[in-house]
Structure formats: C-alpha cells, structure tokens
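First the structure, in the form of structure tokens, and then the observations on it.
Naming convention: chains lettered A, B, ... in sequence-line order (proteins, then strands); numbering from 1 in each chain.
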Amino acid sequence: MELIELKNKICESFTGTTDELNHVLTLVSQDRSVFPFNEYEHLILSLIALGGLTYNQYLEIRTEYISENPYLWIFEISAPTTFGKFAQTYAQGKSPALKIPSKKIDANFSNEYDLWLDGIKIEVKASRAVNAESTDPLYVKALSRNTKQPFLMNFQQLKPQCCNVFIWVAVFRDEIVVWVMSASEVLGNPLFSKGQHRGNSGNEGQLHITHDNIHTLNQYELKDANIEQTIREAAKRNVHK
DNA sequence: GAAGACACTTTAAGAGCGGA
DNA sequence: TCCGCTCTTAAAGTGTCTTC
C-alpha cells in the first residue's frame, strides 16, 4: 500500500460530507509539520474530530498499512554502506552454505566480492525502488512492487570480472525481489553500460532497472527458497571463468 | 526541447591502523 | 584498550550527453 492508496483509504472511510472532507484536505495540504507530527496524523485526527472517522477505523487502517508494508523500514537506512550490508546479510540468510569470504577461505581474497559458495565468488548488489520524480526522503517515496509510478534502480560499480555470480536485491516497500545471474549474463546484458568511473578502462559498469525494463530480469528471479542451487546453476552459465 | 541513458560526484559509515 | 585519523566501500543523487 503506497501513500496515495493510504490517503484514498482514509478518505473513503470518512462518513462526513464532501465539503467537510475537502476542507480538511485543503487544511492539511497547506499545513507545515515536522517530526513527530505529519500530514497523516493531522488528516486522521481532523476527520475523527469531525465525527466522520472512528478510533477503531483508524486502528484498522493503521494495522492494514503496517502489514502491507513490511519492508518500509529498510528505506529508513540512510547510509549506503549500511544498506549494502543489509543486502549481504539478507542474501546470506537464505542459505547457511553461503560464507563471508576471507583469506582463510580464499588466499587471494581482497574484498572484491561479498559471498563465497564452494569456490563460487558472489557479488551482492542492492537498490531500493523509489519514485523517480520525487525529492522526498526514501521512506516517503518508497514504492510497492505493483506500482504505477516510475522508478530507477541503479545497480552500479558492477565488476563482472571479479566474481562468478551476482545476487541483486531489489527492495520494494511490500516485497524483496532477488535476482541471481552469472557474471557473463550481466556483462552481456544489453542494459549493462561499461566504464562507470573515469580511468577504469571499462572494467566497472552499471545497469539501470526501470519500470519499463524490469520484466527483462524475470528469468533470473529467485522464485523458490533454494538459493544455493540457483547460484550453482548460474555459475555453470558463467562463460568468463 | 524533452526524455532517457550514461557518467560521475557526493555522502555516510565501516574497517584498518598507529599512537597514546 | 581506546581514540582519532585515513582509506575504502556502497548506493543515492546529479550533471552531461545522446537521441528523437
């Protein structure tokens, strides 16, 4: 449930007159609030004060919103490194066979990949789906998987030559989507653009996933829980060993 | 001129290391 | 062991280029 749907739900639940509702909506839209106050508590309390919304209705809407946005908290992570760490932990949590790499496991390891599975080097990348046209904070512009809003998830600093398999974690407010693909599949993807950083000689690229092209990754989506098997199969497809 | 794609910068925080 | 500094990492944000 995105914010616009929440607002619609609140308005639909209001049993007062249209004039009363429009008056409150105008009032709220012109209001300026700061944490911990916000336009939604203002809207709800105003409608309750008018007698057109009950406390129980508010609780029902609140419960529904919370249950339909289980991953909204991830959009409150402000630091890129913390979010990246979340993605790595999330991926690793899907199988105990996935190990954090170290020189003990791989003598040549120098932080160039994130996870290890019996010799398979795995790079974990993550991005959050947010409204591309909004400048609001991430947790405000967070989108759901079936969104109609435009979004741009930029998987960047991709180095296919440093790993065998990529795990991409795409976070929506209601769902986390995982794509597993081989390094060569990333390198050969028509959306992959080489040479993100100046002087990189084209060995670091990025790939832009938008509302228009996200369907092209359907074939790589982790549908079942067996990430270990999916990674092994992806590694077999990797032609750049 | 607008929109989309691409290239690059910024920002926040973790890791590592040396000195007190 | 703690503190502070530097380096590294990662994704969000933004500027620029390209195409229509």
Side-chain angles (χ1 to χ4, degrees), chain A residues 2-3 35 71-94 98-116 121-145 147-173 175-181 183 185-217 220:
Chain A
E2 294 178 1
L3 285 176
F35 177 84
Y71 303 116
L72 197 50
W73 65 273
I74 298 170
F75 291 80
E76 294 181 31
I77 299 173
S78 58
T81 45
T82 309
F83 176 54
K85 189 70 184 173
F86 156 79
Q88 184 182 354
T89 305
Y90 179 80
Q92 193 192 8
K94 290 195 167 291
L98 294 170
K99 306 293 183 195
I100 299 288
S102 65
K103 285 199 179 292
K104 269 188 177 179
I105 295 176
D106 174 7
N108 298 319
F109 176 67
S110 58
N111 291 315
E112 70 271 39
Y113 57 94
D114 298 319
L115 293 174
W116 169 274
K121 299 172 183 175
I122 304 159
E123 177 74 6
V124 181
K125 292 290 179 185
S127 187
R128 292 169 278 200
V130 296
N131 189 335
E133 295 175 342
S134 171
T135 56
D136 287 323
L138 294 181
Y139 56 85
V140 174
K141 57 184 178 180
L143 298 174
S144 55
R145 190 167 190 197
T147 187
K148 300 285 187 289
Q149 306 295 319
F151 61 83
L152 169 64
M153 287 191 283
N154 189 8
F155 290 91
Q156 51 194 313
Q157 290 154 20
L158 303 171
K159 295 185 280 291
Q161 73 281 1
C162 291
C163 65
N164 309 116
V165 171
F166 279 96
I167 294 178
W168 288 357
V169 179
V171 181
F172 295 86
R173 56 164 57 219
E175 193 175 340
I176 296 178
V177 179
V178 175
W179 295 300
V180 180
M181 63 194 90
E185 285 167 339
V186 171
L187 199 58
N189 192 302
L191 299 171
F192 180 74
S193 64
K194 298 170 184 140
Q196 181 178 353
H197 282 160
R198 191 161 37 198
N200 256 341
S201 305
N203 62 358
E204 187 170 307
Q206 55 186 325
L207 202 150
H208 300 81
I209 300 301
T210 71
H211 46 284
D212 288 328
N213 63 28
I214 190 169
H215 65 276
T216 63
L217 295 183
Y220 305 114

Rounding to an integer number of Å, can you tell me how far [X] [atom1] sits from [N] [atom2]?
X: A:His208; N: B:dC8; atom1: NE2; atom2: P; answer: 12 Å
X: A:Leu207; N: B:dG4; atom1: CG; atom2: P; answer: 17 Å
X: A:Phe75; N: C:dA11; atom1: CZ; atom2: P; answer: 14 Å
X: A:Ile100; N: B:dA15; atom1: CD1; atom2: P; answer: 11 Å
X: A:Leu138; N: C:dA11; atom1: CG; atom2: C1'; answer: 10 Å
X: A:Phe155; N: B:dA5; atom1: CZ; atom2: C1'; answer: 17 Å
X: A:Asn213; N: B:dA5; atom1: CG; atom2: P; answer: 7 Å
X: A:Ile167; N: C:dA11; atom1: CD1; atom2: P; answer: 13 Å

Does the side chain of A:Arg128 get closer than 4.0 angstrom to OP1 or OP2 of C:dA12 through an N or O atom? yes

Test ring-ring contact (aromatic ring centres under 6.0 Å, His included) applied to A:Tyr90 - qualifying residues, sequence neighbours left out: A:Phe86

I need the [X] [atom1] to [Y] [atom2] distance, nearest 0.5 Å.
X: A:Phe155; Y: A:Glu123; atom1: CZ; atom2: CD; answer: 12.0 Å
X: A:Thr89; Y: A:Lys94; atom1: OG1; atom2: NZ; answer: 13.0 Å
X: A:Lys99; Y: A:Ile122; atom1: NZ; atom2: CD1; answer: 11.5 Å

Between protein and nucleic acid, restricted to nucleotides 7-10 of chain C and to nitrogen or oxygen atoms under 3.5 Å apart, what atom pairs and distances do you find?
| from | atom 1 | to | atom 2 | distance (Å) |
| --- | --- | --- | --- | --- |
| C:dA10 | OP1 | A:Asp114 | OD1 | 3.4 |

From B:dA12, B:dC8, B:dG14, nucleotide with atom closest to A:Gln156 side chain: B:dC8

Indicate yes or no: at least one non-hydrogen side-chain atom of [X] is less than 4.5 angstrom from one of [Y].
X: A:Gln92; Y: A:Asp114; answer: no
X: A:Trp179; Y: A:Ile214; answer: yes
X: A:Arg128; Y: A:Ile77; answer: yes

N/O to N/O distances under 3.5 Å, protein versus nucleotides 18-20 of chain C:
none

Under the side chain to side chain contact (heavy atoms under 4.5 Å, CB included) rule, what do A:Leu207 and A:Lys125 come out as? Steps first, then yes or no, please. CA-CA 11 Å; A:Leu207 202 150; A:Lys125 292 290 179 185; over 6 Å; no

Given side chain to side chain contact (heavy atoms under 4.5 Å, CB included), test A:Met181 with A:Trp168 step by step and report yes or no. CA-CA 8 Å; A:Met181 63 194 90; A:Trp168 288 357; 3.6 Å; yes

